[in-house]
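A short write-up of the structure that comes next.
FYI, the numbering just counts along the sequence from 1. We use all heavy atoms of the structure for the numbers below, so side chains are in, but hydrogens, waters and symmetry mates are not. What you are looking at is a predicted structure, and each value in this text was computed from that prediction instead of being measured.
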Amino acid sequence: MKREDPRDLSVQQMSSGFLKYAAADCPWCGGKLTRLVDVDTSHTALAKLNLPWERLQVDTCVICGCYGIIYMELDGGGTPSWSAYNRKPAYLPDIKSEEYSGEYLQVGPQLTLSDIPRSACYAAIWELDSHSKFGGYPGWVQDAEYPDCPCCGRSMLFIGQLDWSDLEDYGEGIYYMFFCPKDRITATTYQQS
């Protein structure tokens, strides 16, 4: 993923979209859920999964997601909704969603997915300026933490990651996105140094 000059966006934006408010609110903090990614399933990074819908969408709460795994269930059309498998973390601070900046949303339209394949370990190289990526293997900040699917118990597939330092002036940490194609569930996790 990279930032593009907004004047150069055309076909790329039709195949992918990043960082928009989702339709639903977080049941834990009351803030708007964020659609981290909305990608055409025919994109080269997803085509091998043979997904039964046209788009893969990953939603999360960027406020509460720092404290635990957030699962979303995908309906027959691939639209995400809050999962009954979510468990509110034992610790959530007194959250006032209005105190959180939506600065990261302004960067979303500038992010694009390349159609040029890269090494599966591309973003795991820490000398890179950006650790945001789609496909391949995660570039972990801490230890590897692949979530298990809450339905089948299998380790979920890595989809991509968004480095918050790419999105906000003082942003830090990385959101990791995962998917279980069998049970149509996405998961997001977060790590920071």
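Sparse packing is recorded around CD of Glu54, with 12 or fewer heavy atoms of other residues, nucleotides or ligands lying under 6.0 Å away.
Of all heavy-atom pairs spanning Ile185 and Met156, the tightest one is O-CE, 3.1 Å. Residue Gly173 comes nearest to Gln192 through the heavy atom pair CA-CB, 3.6 Å, listed as atom of the first residue, atom of the second, then distance. Of all the heavy atoms in Ile174 and Gly139, the pair that sits closest is CD1-O, 4.1 Å. Smallest separation of non-hydrogen atoms from Ser132 and Asp163: OG-N, 2.8 Å.
The distance from atom CZ of Phe134 to atom CE of Met177, rounded to the nearest 0.5 Å, is 6.5 Å. Between the NZ atom of Lys32 and the SG atom of Cys26 there is a distance of 11.5 Å, given to the nearest 0.5 Å. In this structure, CZ on Arg35 lies 9.5 Å from CE on Met72, to the nearest 0.5 angstrom. Summarising the geometry, atom SG belonging to Cys29 is positioned 9.0 Å from atom NZ belonging to Lys88; distances are rounded to the nearest 0.5 Å. With values rounded to the nearest 0.5 angstrom, Trp28 atom CH2 is found 9.0 Å from Arg87 atom CZ. Taken from CG in Leu36 to CG in Asp59, the straight-line distance is 7.5 Å, to the nearest 0.5 Å.
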Steps toward side chain to side chain contact (heavy atoms under 4.5 Å, CB included) verdict (Glu172, Trp164) | CA-CA 5 Å; Glu172 62 178 294; Trp164 230 243; 5.8 Å; no
Run the side chain to side chain contact (heavy atoms under 4.5 Å, CB included) check on Ile69 and Phe178 step by step: do they pass?
-> CA-CA 10 Å; Ile69 300 171; Phe178 301 90; over 6 Å; no
Criterion side chain to side chain contact (heavy atoms under 4.5 Å, CB included) on Ser81 and Asp75, from CA distance to verdict = CA-CA 8 Å; Ser81 62; Asp75 68 13; over 6 Å; no
Output, in order, the C-alpha distance, side-chain angles, deciding distance and verdict of side chain to side chain contact (heavy atoms under 4.5 Å, CB included) for Val37 and Leu162.
-> CA-CA 9 Å; Val37 66; Leu162 286 173; 5.9 Å; no
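Side-chain N or O atoms of Asn86 include one that pairs as donor or acceptor with a backbone N or O of Tyr71 at under 3.5 Å. A distance-only check finds a donor-acceptor pair linking the side chain of Thr41 to the backbone of Trp53 [under 3.5 Å]. Distance alone, capped at 3.5 Å, is enough to place a donor-acceptor pair between the Gln191 side chain and the Val141 backbone. In this structure, the side chain of Tyr175 engages the main chain of Val62 through a donor-acceptor pair within 3.5 Å.
When side chains are defined from C-beta on, Pro147 does not count as touching Tyr176, because their heavy atoms never get closer than 4.5 Å. The side-chain heavy atoms of Cys152 and Cys180, taken from C-beta on, include a pair separated by under 4.5 Å. Within the 4.5 Å cutoff, the side chain of Tyr137 has no heavy atoms near those of the Phe158 side chain. No side-chain heavy atom of Thr60 sits under 4.5 Å from any side-chain heavy atom of Tyr190.
Between Tyr146 and Trp140, the ring-plane angle classifies as perpendicular under the 30° and 60° cut-offs.
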